[in-house]
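To start, the structure under review is shown below, and the notes come after it.
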Amino acid sequence: GSEMKIRNISKGPRGLHTVGGTVMLAPGQEIEAEMSDAEHTMAYLTGWFDMPAPEAKEQAVGKKGS
């Protein structure tokens with residue numbers, strides 16, 4: 001996970017699961033928080049937050065060229 005700016009762009013309060021615990025954001029509220037990669041992806045996919053897009057993680061394990 002990494003620290004990022006997150007803003008609630010929905011019309012109601014929304015909860016986020018950060019590394020430090022659950023945080024409620026009022027509409028328009030912005031925070032800086034650290035999130036696990038999985039929680040970041042889930043929060044991003046809701047469309048409720050203005051936040052950086054999750055980085056695509058490429059799985060290099062077992063992908064050796066022949």
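Nothing fancy with the numbering, it's 1 onward along the sequence.
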For M35 and I6, the nearest pair of non-hydrogen atoms, with its separation, is SD-CD1, 3.7 Å
If you compare all heavy atoms of S10 against all heavy atoms of P27, which two are closest, and at what distance to 0.1 Å? O-CB, 3.6 Å
How far does CD of E30 sit from CD1 of I9, to the nearest 0.5 angstrom? 11.5 Å
Any donor-acceptor pair under 3.5 Å linking the side chain of D37 with the backbone of T41? no
Interatomic distance, NE2@H40 vs CD@E34, rounded to 0.5 Å, equals 12.0 Å
I want to check something: taking the side chain as every heavy atom from C-beta on, are R14 and L16 in contact at a cut-off of under 4.5 Å? no
Looking at residues at least two apart in the chain, or sitting in another chain, which of them share a side chain to side chain donor-acceptor pair (under 3.5 Å) with S36? none
Return the minimal non-hydrogen interatomic distance between Q29 and M24, and the atom names on each side. OE1-O, 3.8 Å
Check side-chain contact (heavy atoms from CB on, under 4.5 Å) between V23 and all other residues, then give those that pass, not counting sequence neighbours. T18, L25, I31
Using residues 43-53 as the side-chain source, report each donor-acceptor pair under 3.5 Å to any protein atom, sequence neighbours left out, with the distance given to one decimal.
unit_1: T46; atom_1: OG1; unit_2: A43; atom_2: O; d: 2.6
unit_1: T46; atom_1: OG1; unit_2: W48; atom_2: N; d: 3.1
unit_1: D50; atom_1: OD2; unit_2: R7; atom_2: NH2; d: 3.3

